[in-house]
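Have a look at the structure below before the remarks.
The analysis underlying the following values was restricted to heavy atoms, covering all of them including side chains, and did not include hydrogens, waters or symmetry mates.
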Amino acid sequence: MTTAMTTATPPPVAPTGDHHDLAIVLFAVIVLVTLAITLWVGRRGSATEDFYAGGRDFTPLQNGFALSGDYLSAASFLGVAGLIALYGYDGVLYSIGFLVAWLVVLMLVAELVRNAGRYTLADVLALRLRRRKVRAAAGGASVVVTLLYLVAQMVGAGSLVALLLGTNSATARTWTIIAVGGLMIVYVTIGGMRATTWIQIVKAFLLIAGSVLLTVLLLVRFHGDVGELMRQAAQHSGAGARYLEPGLKYGATFTSRLDFFSLGLALVLGTAGLPHILSRFYTVPTARAARRSTMWAIGLVGGFYLMAIALGLGATALVGSSEVRHANSAGNTAVPLLALVLGGGNGSTGGVVLFALISAIAFATILAVVAGLTLASSAAFAHDIWAGAWRGRKRRRRPFLRRGAVPASRSAAPASGGVGSTGSEQSAEATERQEVWVARFAAVGIGAAAIAISLYAQHLNVAFLVGLAFAVAASSNLPVLLYSLFWSRFTARGAVWSVYGGLVPAIVLVVFSPVVSGTKAALFPGVDFHWFPLENPGLVSIPLGFLAGWIGTITSPEPADADRFAELEVRALTGAGAA
C-alpha cells in the first residue's frame, strides 16, 4: 500500500505566483472560443425560429449533448462533489435525485412537449387554453425559476475564480459575477439558441472529458481499490465511519429528514418543469428526435454523476473535508483542489496545469449554462409576457394538418404585398422581429437582476441554490403542464391557479425559511424572522400547486373546451400539425 493511501496528504492551497498566468490564459481561451462561436453562429440567421429554437435542425446526438450541457451545471460539477466531500453518504443521495428526474422527463414530457409546443412552456398551454392570463402566469413563473438557477451558476463562478486567484476577497468574487453576467448577455443577444446550443455541446464534451481524466487518475492513485478510497475518505472526513452512513447532514433530527425528503421530491419532479430544459426539445425536427435526445442525455448524465461520486470521495480522501471547507465553506471548490493533488500536489507543474484545466472547464460550464438560462428567461418574457399577454396580439390559428402537408398559404401564388408572402404575413413577420428585439433587451435586464441577487448569495452552496430552483419549477410549472396534457376537464382558471398556487407558496416559504434568516449560513445571518423549518419548500409547495389547479378547475364558471383538448391530444401523441 502506498504512502499516499495511508497518510494524510498535505493540505493543498490555490496556486500562487506565476502559476496564476496559466489559469488566467486558459480562462481567456475559453472566453474567446465561446465568443467566436457566438459571433460565427450569430451571423447565420436572425429569424425568430433561429433565435428561439436554433432552426430546429440539430441531430438527436447533438441535442443530447446540449441537454446534458444544460443540466450539468455548476451545481453538478462543483456543488454535488462538494456536498459529497463534506457529507459523504448524504451527498451521494443528493446526486441520485438529479439522475432519477430524467425518467420523468423521458416518460411524460419529451415527445409531448415537442409536438404540442413551439418555443416555450406557455405555447403548450395556449394550444387549448387561449387566455392572456395563462401566458402571463406561465411566463412569469419561468422567469422566476431561471433567475434562481442563474444565481446558482454565478455564485459558483465567484467561488471558482476566487480560489484560482488564491484569495477569499469579496471584491474578486463580485467582479467575477459581473463579468459572467456581461458575457451571458452577449451570448444571448448576439447568438440566440443556435449559438447557445453549440456552446453547450462544446462545454458538455469538455466537462465529461475532464471528469473522465480526473476519475482515471483517482482510480490509478488507489490502484483501482474503491474500498480503500472509501476508507481513506472516511478517515479524512473528520466524522469517521459516520461519513459513510446516512444522517451526517440530513438525519440528525426529524426536521432534517423531512428537509431531505422535500429536497429529493423537488429534484425528481423539478427537471420536467425547468424552462431551459423544455425549450431544448424544440431544437430538433421531430418528437422522435426529442425522445432520442433525452436517451442520449440520460446516458451522459448518468455516467457523469457516477464520476461525481468518485470525485467527491477522492476530494475527502486526498484533500480532507476540513481543507475543502476552509477553501470554501459550502464545498464548491472540492473538485479543483482534488485536481491540484492528483496532478502532483501544491507547487508542482502538473498540479498547477491540471488545476487550471479543470477550473477552466468549470468556468466554461458556468458560461454555457447561464447563456441557456438567460435565453429561456428572455424568451419567456418576450414571447409569453410581452407578445402573448401584454400586447395580446392574435396569431393566426395554425391549420390542423397531417405531417408533411403544405398549408394553402404556402402553396398559393405570392400576393402583391411582397415576394412569397401576403401583406398580413409581412406584418406578422415584422412583429416577430420586434419580439426578438424585446427578447434581447430582456436578456440585459434579467442579467442585471441575476448579478444583483448573486452578490447577496455568494456564500451559499450552488447545489443547494439549484435545489430551490427545482422546487419552484416543480411547484409552478410541472402541475400546469401535466394537467394541460392529461386532464380533459382542465380550464384556464385552473391553469392560472395552479401556477400561482405553487409559485407564491414556494417563494414565501423560502423567504421565511432558515435559508434567508435565523442561521449563520443564511442570507441575512444577523436577523431572525424565519418560521418555516425546512430549507427546501417542495414538500409543501408542490402539493399546493396540484391542489390549486384542481380547485381552480372544479370551481371554474367556464367548462373545458373538449375540441381543443382533442386537438392537443392528437397533436401531442402523433405530431400532426406540430411546428
Exercise. Would you check, one step at a time, whether the test side-chain contact (heavy atoms from CB on, under 4.5 Å) holds for Tyr305 with Ile96?
Key: CA-CA 8 Å; Tyr305 278 117; Ile96 292 174; over 6 Å; no

Backbone of [Y] reached by a side-chain donor or acceptor of [X] within 3.5 Å:
X      : Y      : value
Ser378 : Arg440 : no
Asn477 : Gly273 : yes
Asp384 : Thr120 : no
Arg114 : Pro285 : yes
Arg564 : Leu129 : no
Arg489 : Thr553 : no
Thr294 : Ala290 : yes
Ser517 : His530 : yes
Ser484 : Leu481 : no
Arg135 : Ala126 : no

Contact summary for [X] and [Y], nearest pair of heavy atoms:
X      : Y      : answer
Gly302 : Leu99  : CA-CD1, 3.6 Å
Thr519 : Pro514 : OG1-O, 3.1 Å
Met193 : Leu375 : CA-CD2, 3.3 Å
Ala548 : Trp497 : CB-O, 3.2 Å
Leu534 : Ser262 : CD1-CB, 4.4 Å
Thr491 : Ala560 : CG2-N, 3.9 Å

Rounded at 0.5 Å granularity, tell me how far [atom1] in [X] sits from [atom2] in [Y].
X      : Y      : atom1 : atom2 : value
Ser454 : Met154 : OG    : CE    : 4.5 Å
Ser142 : Phe381 : OG    : CZ    : 13.0 Å
Thr555 : Arg493 : OG1   : CZ    : 4.5 Å
Leu125 : Tyr483 : CG    : OH    : 13.5 Å
Leu108 : Leu485 : CG    : CG    : 9.0 Å
Tyr52  : Asp123 : OH    : CG    : 9.5 Å

Just wondering, more than 12 heavy atoms not from [X] lying within 6.0 Å of its [atom1]?
X      : atom1 : value
Phe529 : CZ    : yes
Arg292 : CZ    : no
Arg288 : CZ    : no
Phe486 : CZ    : yes
Phe546 : CZ    : yes

Exercise. Check step by step if side-chain contact (heavy atoms from CB on, under 4.5 Å) holds for Ile199 and Tyr187.
Key: CA-CA 9 Å; Ile199 292 173; Tyr187 296 147; 4.1 Å; yes

Taking side chain as C-beta onward, heavy atoms only, is [X] less than 4.5 Å from [Y]?
X      : Y      : value
Val144 : Ile507 : yes
Pro537 : Leu468 : yes
Phe65  : Trp198 : no
Val145 : Leu274 : yes
Phe281 : Val109 : yes
Asp90  : Phe260 : no
Thr365 : Leu72  : no
Val540 : Phe532 : yes

Quiz prompt | Exercise: do Tyr71 and Thr271 side chains pair donor with acceptor under 3.5 Å | solution =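 Side-chain D/A pair, Tyr71 to Thr271: present.
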
Self-check item: Distance-only donor-acceptor check, side chains Thr197 and Arg280, under 3.5 Å
Solution: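 Note: Thr197 and Arg280 side chains meet the donor-acceptor criterion.
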
Self-check item: Lys/Arg-Asp/Glu bridge criterion (N-O < 4.0 Å) met for Asp57, Arg194
Solution: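 Yes, Asp57 and Arg194 are salt-bridged.
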
Self-check item: Criterion side-chain contact (heavy atoms from CB on, under 4.5 Å) on Asn115 and Leu573, from CA distance to verdict
Solution: CA-CA 7 Å; Asn115 282 335; Leu573 294 175; over 6 Å; no

Quiz prompt | Aromatic plane relationship, Tyr119 with His383 - under 30° parallel, 30 to 60° tilted, over 60° perpendicular | solution =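 Because their plane-to-plane angle is over 60°, the rings of His383 and Tyr119 count as perpendicular.
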
Quiz prompt | Aromatic plane relationship, Phe470 with Tyr149 - under 30° parallel, 30 to 60° tilted, over 60° perpendicular | solution =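 The arrangement is tilted - the two ring planes meet at 30° to 60°.
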
Exercise. Apply side-chain contact (heavy atoms from CB on, under 4.5 Å) to the pair Asn63 and Trp296, showing each step before the final yes or no.
Key: CA-CA 8 Å; Asn63 201 49; Trp296 274 108; over 6 Å; no

